[in-house]
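A quick write-up on the structure given underneath.
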Amino acid sequence: MLQIVGDALPNIPWEDRPAGCAEPVWRYSQNPVIPRNLTATSNSIFNSAVVPFRGKFAGVFRCDDKRRAMQIHVGFSDDALNWWINPERIQFEGDPEVTRWEYGYDPRVVWIEDRWWVTWCNGAHGPTIGVAWTQDFATFHQIENSYLPFNRNGVLFPRRLGGQYVMLNRPSDNGHTPFGDIYLSHSPDMVYWGKHRWVMGRAGGWQSTKIGAGPIPIETSEGWLMIYHGVLTSCNGFVYSFGAALLDLDQPWRVIARTAPYLMSPQTLYECVGDVPNVAFPCAALVDQPTGRMAIYYGAADTVTALCFGYVSEIVEYTKANSLV
Ligand code: BMA
């Protein structure tokens, strides 16, 4: 039987698979879970990260404001469905040369050892990966950007491997990058990053233009389960779907399996219509270890935040049974 590493989360948001649904993941019936105008300042709230926090939930949210500036905000929830999001963006503590704010988007959050780490796409003469830590979701300490521009989709593993922090990332360009493979990098201290490894590249169909890691990888006895987005270029522009891959536990740049079909593609009205149509962009997943239930948070149409559900074991089986490699 599949073993999952993680904690019990009995209060995970959840709905059972609807009758007649044979898909590996299914949408929350009350989507979108976070509307675009939850705060007075927001134009849109999407591509966001949520984690269990002190028996309840906290998160870091991408809120594009009404100037259409890209900002990240902290938020809290009792049930991971109904959120309060601070109307003001996070003000990071740290070296003013690093905290000088241009823009930030697509945050991820992970607990490693003794603190929460936040990574996001940080404007610093071009997009790169910003890094900060917090222990209370009140004060956020920003440290050095991990790479030179241009880079996006920085996603940390939830523990050190061989004594090193490991971050998935996606070298990019300064625009709406028309290419992109997933790499990973190592660091002894979260500041200096090296030992870069190519993980995987584009493939056909829904993942033919570029790919990027999504939620924090989930450790299982079959490998790290990595949910990732993939982009297809249609006559009408980019289409963002997501799939899954299994990465070797000790050498996670080695790909064991990855889905040829997507797990989910933009098909509902809130995924197909919005500021950027046809986007389903996952940035976080909650897992209840004893039951293997998983709740994936994804941005829909760059406008709202949506939720879908699945079982880790079924997604692992689906990934192996429908693999490209
Ligand atoms: C990517 C990022 C995402 C966004 C997507 C679709 O480059 O900017 O935040 O969801 O494009 O616009």
Side-chain angles (χ1 to χ4, degrees), residues 31-36 42-50 59-65 67-73 89-90 102-109 118-124 126-130 147 149-155 168-183 202 206-216 227-243 262-268 270-285 296-308:
N31 271 347
V33 68
I34 301 176
R36 66 184 306 163
S42 60
N43 165 78
S44 41
I45 305 176
F46 56 110
N47 300 5
S48 297
V50 313
V60 177
F61 296 85
R62 173 173 177 176
C63 300
D64 291 6
D65 69 20
R67 299 169 300 172
R68 297 303 298 268
M70 300 181 286
Q71 313 284 10
I72 59 176
H73 296 223
R89 75 170 173 88
I90 295 172
E102 291 180 30
Y103 57 81
Y105 61 86
D106 296 0
R108 275 73 163 185
V109 182
V118 185
T119 55
W120 70 96
C121 181
N122 188 42
T128 183
I129 307 303
Y147 315 110
F150 309 104
N151 205 308
R152 293 181 172 96
N153 298 300
V155 178
L168 297 156
N169 59 91
R170 214 279 303 286
S172 301
D173 69 10
N174 203 16
H176 299 292
T177 316
F179 62 87
D181 293 353
I182 298 177
Y183 290 74
R202 294 155 270 179
W206 65 273
Q207 48 189 332
S208 53
T209 299
K210 53 181 171 174
I211 56 174
I216 302 306
I227 308 289
Y228 67 99
H229 70 259
V231 180
L232 169 153
T233 304
S234 79
C235 302
N236 193 39
F238 287 161
V239 178
Y240 283 72
S241 307
F242 59 89
Y262 53 69
L263 288 178
M264 179 174 287
S265 78
Q267 297 182 5
T268 66
Y270 54 88
E271 293 157 356
C272 297
V273 178
D275 286 349
V276 181
N278 306 318
V279 181
F281 194 101
C283 287
I296 302 171
Y297 288 78
Y298 65 100
D302 283 14
T303 304
V304 295
T305 303
L307 192 50
C308 63

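In each ligand, atom 1 is the first atom listed, and ligand 1 is the first ligand listed. It should be emphasised that the depicted structure is a prediction, and the values quoted were computed from it without experimental measurement.
Between F238 and Y240, the two ring planes are perpendicular [angle over 60°; tilted spans 30° to 60°].
Listed by number with element, the atoms of ligand 1 under 4.0 Å from a non-hydrogen atom of N47 are 3 (C), 4 (C), 9 (O), 10 (O).
In this structure, R152 has no heavy atom closer than 4.0 Å to ligand 1.
With a heavy-atom cut-off of 4.0 Å, F238 does not touch ligand 1 at all. Neither the backbone nor the side chain of H176 has any atom closer than 4.0 Å to an atom of ligand 1 (non-hydrogen atoms only).
Of the candidates D106, D302, V231, the one placing a heavy atom closest to atom 6 (C) of ligand 1 is D302.
Applying the side-chain contact (heavy atoms from CB on, under 4.5 Å) criterion to F150, with sequence neighbours excluded, gives P127, S172, N174. With sequence neighbours left out, Y228 forms a side chain to side chain donor-acceptor pair (under 3.5 Å) with Q207, R258.
When only interatomic distances are considered, the shortest N/O to N/O separation between Y105 and ligand 1 does not fall below 3.5 Å.
Protein heavy atom in closest approach to atom 7 (O) of ligand 1: Y240 OH, 3.4 Å.
For T233 and T209, the side-chain atoms include at least one donor-acceptor pair closer than 3.5 Å.
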ring-ring contact (aromatic ring centres under 6.0 Å, His included) between F46 and F281, worked out
CA-CA 8 Å; F46 56 110; F281 194 101; 8.4 Å; no
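Formation of a donor-acceptor pair under 3.5 Å by the S208 side chain with backbone atoms of W206 is not found in this model.
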